[in-house]
Amino acid sequence: MPGDTLAPPRKSPALPPGVAHSRRAALLMLTGLIAAGSPLPYSAAALIPLAWAGFESVLAIRARSAGGAPARSVASSVVGLVLVCLLAAMVLLPYAFYGTVKTLQDCTQGANTAVAAADCNTRYGSLESIVGGFLRFGQRAGG
């Protein structure tokens, strides 16, 4: 039929400034959150997508501020940046007490029963052992 033609493709509406950066930051933050759940030496890999998410969040804040976006959209990007920073701090915190945390992790992974896991938690999981390990490290480093 000569009169039948395909309809022109639909064009998506233009996105407000900074939305693409915000979406990328959210996906990267989710990737970092998933990677943060890995065992201790490998959880540091979560810092790569988290650093990238922080960068994208800053770009989103700048684009939204310059584009005259509503204050709540700028605030949501700021909240995203704060969440990225908190998650990065949570990933880095076990490395401050690496010896004690790694020993606890190895003990609980090797525990076959609930009693053995509870024993690991009482032996290595207390605050005193973490602080004690940190103080011993400070004494070794200091002299």
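By convention here, the first residue in the shown sequence is residue 1.
Side-chain atoms of Tyr95 and Leu40, non-hydrogen and from C-beta on, do get closer than 4.5 Å to each other. For the pair Gln105/Pro39, a side-chain contact is recorded, criterion being any heavy-atom separation below 4.5 Å from C-beta on.
Residue Ala46 comes nearest to Ala36 through the heavy atom pair CB-N, 3.6 Å, listed as atom of the first residue, atom of the second, then distance.
The line from NE2 of His21 to CD of Glu56 is 6.0 Å long, rounded to the nearest 0.5 Å. Between Met29 atom CE and Trp52 atom CH2 the span is 14.5 Å, to the nearest 0.5 Å.
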With a 3.5 Å cut-off and sequence neighbours excluded, list the donor-acceptor pairs that the side chains of residues 74-91 form with protein atoms.
unit_1	atom_1	unit_2	atom_2	d
Ser76	OG	Arg64	NH1	3.4
Ser76	OG	Ser73	O	2.7
Ser77	OG	Arg64	NH1	3.3
Ser77	OG	Ser73	O	3.4

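A continuous path of ILVMFWY side-chain contacts below 4.5 Å connects Leu33 to Leu50, so both sit in one hydrophobic cluster. Linking ILVMFWY side-chain heavy atoms closer than 4.5 Å, directly or via other members, places Tyr42 and Tyr98 in two distinct hydrophobic clusters.
For the pair Ser65 (side chain) and Arg62 (backbone), a donor-acceptor distance under 3.5 Å is absent.
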Check step by step if side-chain contact (heavy atoms from CB on, under 4.5 Å) holds for Leu47 and Leu92.
CA-CA 9 Å; Leu47 294 174; Leu92 287 173; 3.5 Å; yes
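Residue pairs that meet the salt bridge (charged side-chain N to carboxylate O under 4.0 Å, His left out) test with at least one member in residues 95-118, sequence neighbours left out, are Lys102-Asp106.
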